[in-house]
K.L.:
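Structure in structure tokens, see below.
Labels below follow one simple rule: chain letters A, B, ... track the order of the sequence lines, proteins then strands, and each chain is numbered from 1.
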Protein chains: 2
Amino acid sequence: MNETAKLELTQPPKTRIQRKNHALILEAALEVFSTHGFRGATVDQIAAQAGLSKPNLLYYFATKETIHVALLSRLMENWLAPLEALNADGAPIEELLGYMHRKLEMSRDYPRESRLFANEILQGAPRILPSLETDLRNLVDAKCLLIQRWMDAGQLAPSDPYHLIFSIWSLTQHYADFGVQVGAVLGTGAVDFEQAHQHLTLHFTRMLTP
Amino acid sequence: MNETAKLELTQPPKTRIQRKNHALILEAALEVFSTHGFRGATVDQIAAQAGLSKPNLLYYFATKETIHVALLSRLMENWLAPLEALNADGAPIEELLGYMHRKLEMSRDYPRESRLFANEILQGAPRILPSLETDLRNLVDAKCLLIQRWMDAGQLAPSDPYHLIFSIWSLTQHYADFGVQVGAVLGTGAVDFEQAHQHLTLHFTRMLTP
DNA sequence: GTCTATAAAATGATAGAC
DNA sequence: GTCTATCATTTTATAGAC
């Protein structure tokens, strides 16, 4: 009984109002953590952003750390999905262009999630390094075997599959993580993702065509 | 007289011991700010890292903000140099490969500076946005004109010069900013920059050759 | 569930002796 | 120049009323 009650505080909540506030807090925390990093964010800020009092926020998440962990856990699930979707039965170049496209869409639609991840990595990945060394590494290993087979079969221009994947990550995430800089240089204040997509399609078509 | 005395606290110091401690503090602050960002860093941490007492550190830099500004100012000078060196009289492909190489060397030799910059951009560039919109933008504009001329002359494969420069930034800085992730995925714990250089050379040769 | 009040610790900065 | 001591504020978290 006590264990059940305890779990309810860390598990997805049950009542309507609980679900609503739970979501409000995660939304607010995403905004604040993605901009200032874990240590730079304050519970006050998150509570204000969520429109809740600080004690009320801490009724839902016992500590600041708990909120951060909840965000990172949710993120890691979605973070791997685009690469998991790389299909061995598809056409190699189209598959990799599709992967690039999905990653660019994530930069466009979920820039805060991208910056949350970037903050964590910049700080040395203190909370998700274990996940990177297992989940992410295993997934990348598997997909690199596939890419290597495509290259050996002459369906892709040969290169290092690992660094090829790194290049997809860096080029697509750049438009979320460094979007302010891109906007400043272009004088637009914001990224034109259609433009970015055209350039990256051209870029990887040249890189991948045998 | 008073103004001179005041300036000496913000200008490069004069005596041997001042110069030494000034440098010690900037070195320590670079370490801490690059990992935790401005708000996540504490004066205590920086003082401990520098081997000085907190009041003694604050004798050299009046506030935490002053140290951060000093680091960013120094950084912006060096940050533009590799692009400035792009030479209109050189061979186009070699010039751009050389620029990529210089940027990758900076990721290898000055990863903390790269992460300091990344932290500032991630946080919305609150301190250096004006510099991005003027100094950086003007420099990029000028170099993109040159690159466009090279493309028009058929010496480079055509693409968007701005996004081409963004791709050089993102691919090279990735090995500093996301080095922990690269090391985790490769199982090496650290980036092999020789390997990265080979891949990026191949990558941009394919991208740029007409 | 939500609030006011507040404790306990940290953090940025200063005072003043030496 | 460097130190000890300390202040003022911010910040995390809790207590307890409603």
K.L.:
Given the side-chain rings of A:H203 and B:H203, with only the six-membered ring counted for Trp, is the space between their centroids under 6.0 Å?
P.N.:
yes

K.L.:
Can you tell me how far P of D:dT11 sits from NZ of A:K64, to the nearest Å?
P.N.:
9 Å

K.L.:
Which whole-number value in Å describes the distance from B:R39 CZ to D:dT10 C1'?
P.N.:
11 Å

K.L.:
If the condition is salt bridge (Lys or Arg N to Asp or Glu O under 4.0 Å), which residues does B:R127 pass it with, not counting sequence neighbours?
P.N.:
B:E65, B:E120

K.L.:
Would you kindly give the CD1-to-P distance between A:I46 and D:dT11, to the nearest whole Å?
P.N.:
12 Å

K.L.:
For residues 47-56 of chain A, run the donor-acceptor check on the side chains, cut-off 3.5 Å, and write out each pair with its distance to 0.1 Å, sequence neighbours left out.
P.N.:
unit_1: A:S53; atom_1: OG; unit_2: A:N56; atom_2: N; d: 3.3
unit_1: A:K54; atom_1: NZ; unit_2: A:D44; atom_2: OD1; d: 3.3
unit_1: A:K54; atom_1: NZ; unit_2: A:D44; atom_2: OD2; d: 3.1

K.L.:
How would you list, by chain and number, every residue that makes a side-chain hydrogen bond (donor to acceptor under 3.5 Å, both in side chains) with A:E194, sequence neighbours excluded?
P.N.:
A:Q198

K.L.:
Applying side-chain hydrogen bond (donor to acceptor under 3.5 Å, both in side chains), name anything that partners A:Q148, two or more places apart in sequence or on another chain.
P.N.:
A:D152

K.L.:
Given atom OH of B:Y59 and atom P of C:dG16, what is their separation to the nearest angstrom?
P.N.:
18 Å

K.L.:
Just to verify, what does A:E105 make a salt bridge (Lys or Arg N to Asp or Glu O under 4.0 Å) with, not counting sequence neighbours?
P.N.:
none

K.L.:
Quick one: which of C:dG1, D:dA13, D:dT12 gets closest to the side chain of A:T15?
P.N.:
C:dG1

K.L.:
Can you figure out which of D:dT2, D:dT11, C:dA13 approaches the side chain of B:N56 most closely?
P.N.:
D:dT2

K.L.:
Strictly below 4.0 Å, heavy-atom distances to any atom of DNA chain C: list the hits from residues 23-35 of chain B, or just say none.
P.N.:
none

K.L.:
Identify whether any heavy atom of A:L52 sits under 4.0 Å from a base atom; if not, whether one sits that close to sugar-phosphate; answer base, sugar-phosphate or nothing.
P.N.:
nothing

K.L.:
What ring pair (Phe, Tyr, Trp, His ring centres under 6.0 Å) pairs are there with at least one residue in residues 92-131 of chain A, not counting sequence neighbours?
P.N.:
A:W79-A:F117, A:H101-A:H197

K.L.:
Write out all pairs satisfying salt bridge (Lys or Arg N to Asp or Glu O under 4.0 Å) with one or both partners inside residues 24-33 of chain B, taking only residues at least two apart or from two chains.
P.N.:
B:E27-B:R112, B:E31-B:R112

K.L.:
Distance check needed: D:dA13 P versus A:F61 CZ, whole Å only.
P.N.:
13 Å

K.L.:
I'd like to check the side-chain hydrogen bond (donor to acceptor under 3.5 Å, both in side chains) partners of B:S114; sequence neighbours left out, ordered by chain and number.
P.N.:
B:D177

K.L.:
What nucleic acid atoms does A:A41 come within less than 4.0 Å of, heavy atoms only: base, sugar-phosphate, or nothing?
P.N.:
sugar-phosphate

K.L.:
Measure from CD on A:Q45 to P on D:dT11 and round the result to the nearest Å.
P.N.:
8 Å

K.L.:
Within this structure, what is the NE2-to-P distance between B:H36 and C:dG12, rounded to whole angstrom?
P.N.:
13 Å

K.L.:
Taking the side chain of A:I17 as heavy atoms from C-beta outward, which of D:dG1, C:dA13, C:dT2 is closest to it?
P.N.:
C:dT2

K.L.:
List for me each residue that meets side-chain hydrogen bond (donor to acceptor under 3.5 Å, both in side chains) alongside A:D135, sequence neighbours excluded, and say none if there are none.
P.N.:
A:S131

K.L.:
When the ring centroid of A:H68 is compared with that of A:F38, is the distance short of 6.0 Å?
P.N.:
yes

K.L.:
Any idea which heavy atoms bring B:W169 and B:K103 closest together, and the distance?
P.N.:
CD1-CE, 3.9 Å

K.L.:
What's the closest nucleotide to the side chain of B:Y60 if the choices are D:dT11, C:dT11, D:dT2?
P.N.:
D:dT2

K.L.:
Just report the end-to-end axis angle for the helix from C:dG1-D:dC18 to C:dC18-D:dG1, five pairs per end, to 10 degrees.
P.N.:
0°

K.L.:
What is the distance, to the nearest angstrom, from the CG atom on A:L58 to the P atom on D:dT14?
P.N.:
8 Å

K.L.:
Along nucleotides 4-9 of chain C, 5' to 3', which nucleotides get a B, which get an S, and which get a -, given that the test is a protein heavy-atom distance under 4.0 Å?
P.N.:
BB----

